[in-house]
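If you're wondering where the values come from, they're calculated on a predicted model, not measured in any experiment.
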Amino acid sequence: MELDERKRKILQAIIQNYLETGEPVGSRTISKYTDLNLSSATIRNEMSDLEELGYILQPHTSAGRIPSDKGYRLYVDQMMLEKEEQLNQATQEVKEMQRILLEREDKMESVLKQMAKMLAANTNYATMISVPQVKGNRLKFIQLSRVDQRQLLTTIVVEGNVIKNNMITVAEALDDETLLKLNILLNTNLNGLSAEEINLAMIAKLKQQAGTHADIIADVMDAVAQGVRDDESIEIYTSGANNIFRYPELSDNQRASELINTFEEKQLLSELVQETLTDETGTGIQVYIGNETPVKTMKDCSVVTATYELEEGMKGTIGIIGPRRMDYDKVIRTLKTVKSQLDTIYKKEDDNMQR
């Protein structure tokens with residue numbers, strides 16, 4: 001006698017209920033537990049068949065049933081098969097996402113550079129735009145893939161659909177079943193977690209469950225830590241630095257040299273971006289006049305920044321740097337317009353991805 005769909009659902013319900021309670025499971029419990037809409041009598045008949053087939057046991061005459069080793073084996077094999085199908089589907093989705101995101105990343109780089117040039121030409125000031133950073137990353141998916149006998153590719157997807165790849169060297173070749181089990185172990189325990197939520201106790205438990213492959217878990221966790229933490233380096237595009245020579249108060253050799261170096265090296269601009277992104281006022285527009293700016297080389301300037309958000313958690317900074325006597329009204333209006341344009345461009349890209 002083969003297990004039909006109804007018997008499989010009843011067996012699954014018995015196992016799940018027993019795993020939760022540790023108590024033998026009766027037909028009345030199953031009648032409430034499943035969506036089969038069957039009577040207790042019908043379920044009892046099915047349970048008798050399952051017992052005859054060796055999938056469940058009756059520990060006492062008057063008690064309900066508990067799973068047998070054979071029942072557990074069917075349950076685990078079915079669960080592994082379902083997890084494998086889910087992982088295969090997720091892997092295909094990640095590959096497609098990688099292709100689309102690479103195309104969009106190239107386009108976004110071009111758009112941001114053009115925006116910086118447009119702002120510089122429109123305002124006659126120096127401008128900067130930072131590439132959006134993902135804050136508060138949560139892990140969405142992990143995939144271990146074999147590259148060759150001694151190397152694995154770890155693909156990590158975090159919030160904002162940011163994809164990061166790392167290579168791991170392994171001591172011995174892993175077969176497909178082992179890779180599948182490791183993928184299931186990692187995704188079951190880590191998906192949806194932030195860096196702060198992945199603690200040492202959790203990592204120790206994963207290593208214990210991985211057994212002889214604990215060293216691989218350690219390497220993967222290092223890659224995950226890099227993937228979910230905020231990027232330390234911020235990419236910034238600048239334009240119009242030579243516009244500062246238009247203003248006599250900024251054009252003497254020392255001031256001009258310091259400002260040009262700031263735009264070329266960009267480290268100090270990164271600090272400005274970080275301060276802008278951590279602002280809690282929620283206004284989106286900040287104006288620094290003279291000594292108010294966090295960048296010392298800009299103490300004779302005014303800096304107006306705006307925070308733009310392409311999707312939840314992905315934020316960047318637009319900045320305009322000029323003399324204290326800049327046209328504040330025009331600059332603020334221009335920044336608001338650019339924020340709106342970036343939002344429109346990105347939403348069009350999202351719509352194209354979904355089609």
Side-chain angles (χ1 to χ4, degrees), residues 2-5 7-9 11-12 14-16 19 53-55 67-102 137-159 161-193 195 197-198 200-228:
E2 293 186 2
L3 292 190
D4 56 26
E5 184 65 21
K7 284 185 174 63
R8 284 181 180 272
K9 285 188 175 182
L11 176 60
Q12 184 177 25
I14 292 171
I15 294 174
Q16 288 178 342
L19 291 176
L53 291 168
Y55 289 104
S68 66
D69 289 349
K70 183 178 179 181
Y72 279 128
R73 169 50 57 194
L74 181 66
Y75 175 76
V76 170
D77 288 347
Q78 182 64 32
M79 181 183 67
M80 293 285 285
L81 180 62
E82 290 173 358
K83 291 287 186 181
E84 182 177 15
E85 291 172 353
Q86 291 170 7
L87 282 168
N88 288 339
Q89 181 180 357
T91 301
Q92 292 304 314
E93 291 173 354
V94 167
K95 288 180 180 177
E96 178 64 12
M97 194 190 305
Q98 282 179 312
R99 183 187 65 78
I100 294 172
L101 288 175
L102 283 173
N137 291 349
R138 288 186 177 275
L139 192 65
K140 292 180 69 175
F141 179 72
I142 302 174
Q143 176 69 35
L144 292 179
S145 306
R146 187 185 304 101
V147 176
D148 56 37
Q149 295 297 310
R150 291 291 182 267
Q151 286 191 310
L152 298 178
L153 175 67
T154 304
T155 300
I156 298 166
V157 184
V158 297
E159 279 183 340
N161 290 333
V162 176
I163 299 174
K164 301 187 180 184
N165 295 314
N166 293 79
M167 297 297 295
I168 294 176
T169 301
V170 294
E172 59 182 35
L174 302 181
D175 58 32
D176 291 340
E177 183 179 357
T178 301
L179 268 182
L180 172 62
K181 288 179 178 178
L182 288 173
N183 277 319
I184 291 173
L185 175 65
L186 290 165
N187 283 282
T188 301
N189 287 277
L190 300 178
N191 283 5
L193 299 182
E197 292 169 330
I198 302 174
L200 292 176
M202 183 178 297
I203 296 173
K205 180 181 176 183
L206 287 174
K207 288 182 177 180
Q208 183 181 15
Q209 291 177 326
T212 57
H213 304 297
D215 55 336
I216 296 176
I217 296 296
D219 289 338
V220 171
M221 295 313 300
D222 288 341
V224 168
Q226 284 188 338
V228 298

- Query: Side-chain contact, heavy-atom cut-off 4.5 Å: I217 with L182?
  - Reply: yes
- Message: Within the 4.5 Å heavy-atom criterion, are I15 and Y72 side-chain neighbours or not?
- Response: yes
- Item | Distance (rounded to the nearest 0.5 Å) between M202 CE and L190 CG | 7.0 Å
- Query: Do I14 and Y55 have side chains that get closer than 4.5 Å, going by heavy atoms?
  - Reply: no
- Note on the structure: Hits for salt bridge (Lys or Arg N to Asp or Glu O under 4.0 Å) against R73, two or more places apart or cross-chain, chain-then-number order -> D77
For residues 168-176, which side-chain N or O atoms pair as donor and acceptor with protein atoms under 3.5 Å away, sequence neighbours left out?
unit_1 : atom_1 : unit_2 : atom_2 : d
D175   : OD1    : E177   : N      : 3.3
D175   : OD1    : T178   : N      : 2.7
D175   : OD1    : T178   : OG1    : 2.7
D176   : OD1    : R146   : NH1    : 3.3
D176   : OD1    : R146   : NH2    : 3.0

- Message: Just verifying a value: how many Å separate I142 CD1 and I156 CD1, rounded to the nearest 0.5 Å?
- Response: 6.0 Å
- Message: Less than 4.5 Å apart, side chain to side chain, heavy atoms only: is that true for R8 and Q78?
- Response: yes
- Message: Filter on salt bridge (charged side-chain N to carboxylate O under 4.0 Å, His left out), then keep only pairs touching residues 202-214, sequence neighbours left out; what's left?
- Response: none
- Task: Under the side chain to side chain contact (heavy atoms under 4.5 Å, CB included) rule, collect the residues that match up with I184, sequence neighbours excluded.
- Result: M80, K83, L87, L180, T188
- Check whether any side-chain heavy atom of L152 lies under 4.5 Å from a side-chain heavy atom of V220, and answer yes or no. no
- Task: For N183, enumerate each residue passing the side-chain hydrogen bond (donor to acceptor under 3.5 Å, both in side chains) test, keeping only those at least two apart in sequence or located in another chain.
- Result: none
- Sequence-distant partners of N189, side chain to side chain contact (heavy atoms under 4.5 Å, CB included), two or more places apart: L185, L206, Q209
- Message: Please give me the minimum heavy-atom distance between Q151 and D148, naming the atom from each residue.
- Response: N-OD1, 2.9 Å
